[in-house]
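These notes concern the structure reproduced below.
Order of the sequence lines fixes the chain letters, A, B, ..., with proteins taken first and strands second; residue numbering starts at 1 for each chain. Excluded from the calculations below are hydrogen atoms, water molecules and symmetry mates; all remaining heavy atoms, backbone and side chain alike, are included.
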Amino acid sequence: MPSEAQSVKAISFGVGFATGLYGISFGALSVAAGLDFWQTMALSLLMFSGGSQFAFVGVFATGAGVVPAVLSAWLLGVRNGFYAIRLAPVMSLSGILKPVGAQLTIDESNAVSLSQEPDIAKQRQGFWLTGIAVFIFWNLLTAVGALLGSAIGNPADWGLDAAAGAAFLGLIWPRLKESKLLLLAVVSAFTATYLSSFVPAGIPVLLTAGVAVIFWIIELLGKSK
Amino acid sequence: MTLWAGVLLASALVFSWKLLGHLIPERFVQNPSIRSLAALLTVAMLAGLVGIQTFVSAEGITLDARAAALAVAAVLFYLRVPFIFVVIAAAAVASLLRMCL
């Protein structure tokens, strides 16, 4: 979403499709890790959080067992709670829409919504369209990936692993015009990458929350002067 | 724990985070400094994911085709190329580099 001229619909569809493509590699990797077709689909339908899903099958694939897989998925899911905190006052969900909206609260729907600030209507549209588009493409293409299984070979041969990094970069790109957020992004990416050598998968991304808190405290101190 | 129980438990745990954030009282989250923190956390964690997904592999920190793909993606985003084309280009760059090297 480099251009503000692009409509929210086009952005949502693009994000949904791009993320869905990555679902092929999730489906294939999950079956390769030893989950069956329906266990793989249950993760995409019920967990519906790419980072947590990859963590679950990735840790399970190492032979670590079910409990570490559950814990890593759970820890990596924390950030969805932070997204929900940001989204709650924007979305003002009530009744059945609250759990539905909660389930669609993921990296992509929050990021597209965030990119439409400060327009509330566009933020809401971005959230729903992206959440629904990702849900549909992610589940359809997870099924395709799980069925193709070994037939697709190594997802990395298709560059699907690199597509994910590019997609996440695109989601924060509009925010990086602000020099403070650019610095935060660079420090966070470096921190997570560096810490990955020392702590288990899933934890480094959580620790970037500490970087954000440090920036936040500096911001608060600056305001109180 | 059976694999099925793990799949369902982990899904419920991830959902509980999502719901919790939506249930926290509105007056708390309307505080501008709390909203500012939530925005900072989003950028930090997504940037952390970019770092992990680009530079980390099973063998540790590596500089491979994914880094080249990310560099190409950054240039294309700078040139205001639409999102979906950038993502496809990034996948293509990584795929081609791996084929050639």
(Q) At a heavy-atom distance under 4.5 Å, which candidate from Tyr194(A), Phe215(A), Phe190(A), Tyr83(A) has the highest pair count against chain B? (A) Tyr83(A)
Q: Let me know if Ala74(B) has heavy atoms under 4.5 Å from chain A in its side chain, its backbone, both or neither.
A: both
Q: Tell me, out of Leu8(B), Thr54(B), Val43(B), who's got the most heavy-atom pairs with chain A below 4.5 Å.
A: Val43(B)
(Q) Out of Ala102(A), Gly101(A), Ala162(A), return the one with the most heavy atom pairs under 4.5 angstrom to chain B. (A) Ala102(A)
Q: Please report the C-alpha distance between Asn110(A) and Leu46(B) in whole Å, then the side-chain angles of each, then the deciding distance to 0.1 Å, and finally whether the side chain to side chain contact (heavy atoms under 4.5 Å, CB included) criterion is met.
A: CA-CA 11 Å; Asn110(A) 178 51; Leu46(B) 286 172; 5.7 Å; no
Q.
With a 4.5 angstrom heavy-atom cut-off, is it the side chain or the backbone of Ala69(B) that approaches chain A, or both, or neither?
A. side chain
**Q.** Winner by heavy-atom pair count (cut-off under 4.5 Å) against chain A, out of Leu19(B), Leu37(B), Asp64(B)
**A.** Leu37(B)
Q: Just give me the residue among Val50(B), Leu70(B), Leu49(B) that pairs up with chain A most often, heavy atom to heavy atom, under 4.5 Å.
A: Leu49(B)
(Q) Can you tell me which of Ala73(B), Ser36(B), Ala12(B) forms the most heavy-atom pairs within a distance under 4.5 Å of chain A? (A) Ser36(B)
Q: Examine the side chains of Arg66(B) and Ser57(B) and answer whether a donor and an acceptor come within less than 3.5 Å of each other.
A: no
Q | Which atoms of Leu169(A) approach chain B - backbone, side chain, both or neither, heavy atom under 4.5 Å | A | both
Q | Contact leader toward chain A among Ala67(B), Ala5(B), Gly6(B), where contacts are heavy-atom pairs under 4.5 Å | A | Gly6(B)
Q) Do the rings of Trp17(B) and Trp74(A) sit parallel, tilted or perpendicular, given the 30° and 60° boundaries? A) parallel
(Q) Taking side chain as everything from C-beta outward and backbone as N, CA, C, O, which of these in Leu96(B) sits under 4.5 Å from a heavy atom of chain A? Side chain, backbone, both or neither. (A) neither
Q) Of all of Val78(A), Leu46(A), Asp107(A), which one pairs up most often with chain B through heavy atoms under 4.5 Å apart? A) Val78(A)
Q: Select one option (side chain, backbone, both, neither) describing which atoms of Phe56(A) are under 4.5 Å from chain B's heavy atoms.
A: side chain
Q.
Which atoms of Leu20(B) are under 4.5 Å from chain A, going by heavy atoms: the side chain, the backbone, both sets, or neither?
A. neither
Q | Toward chain B, the part of Leu114(A) with a non-hydrogen atom under 4.5 Å | A | side chain
Q. Taking every heavy-atom pair that is under 4.5 Å apart, which of Gln103(A), Met91(A), Lys98(A), Gln53(A) has the most such pairs with chain B?
A. Gln103(A)
Q. Considering only heavy atoms, which portion of Phe54(A) lies under 4.5 Å from any heavy atom of chain B: side chain, backbone, both, or neither?
A. neither
(Q) With chain A as the partner, which of Leu13(B), Val93(B), Ile88(B), Val72(B) has the greatest number of non-hydrogen pairs under 4.5 Å? (A) Leu13(B)
Q.
For Ser197(A), which atoms come within 4.5 Å of any heavy atom of chain B: side chain, backbone, both, or neither?
A. side chain
Q. Chain B heavy atoms under 4.5 Å from Ile106(A): which part of the residue, side chain, backbone, both or neither?
A. side chain
Q) Does a sphere of radius 6.0 Å around CZ in Phe17(A) hold more than 12 heavy atoms from other residues, nucleotides or ligands, not counting ones at 6.0 Å or beyond? A) no
(Q) Taking every non-hydrogen pair under 4.5 Å, which of Glu117(A), Arg175(A), Arg79(A), Lys180(A) racks up the most with chain B? (A) Arg79(A)
Q: Would you please indicate if the ring centroids of Phe137(A) and Phe13(A) are separated by under 6.0 Å?
A: yes
Q.
Please identify, among Val70(A), Asn80(A), Leu21(A), the residue contributing the most non-hydrogen atom pairs under 4.5 Å to chain B.
A. Val70(A)
Q | Check: Ser109(A)/Thr130(A) side-chain N/O donor and acceptor closer than 3.5 Å | A | no
**Q.** Proximal component of Val56(B), with respect to chain A [non-hydrogen, under 4.5 Å]
**A.** side chain
Q. For Val187(A), is it the side chain, the backbone, both, or neither that has a heavy atom closer than 4.5 Å to a heavy atom of chain B?
A. neither
Q: Side chain from CB out, backbone as N, CA, C, O: work out which of these in Val90(A) comes under 4.5 Å of a heavy atom of chain B, or both, or neither.
A: side chain
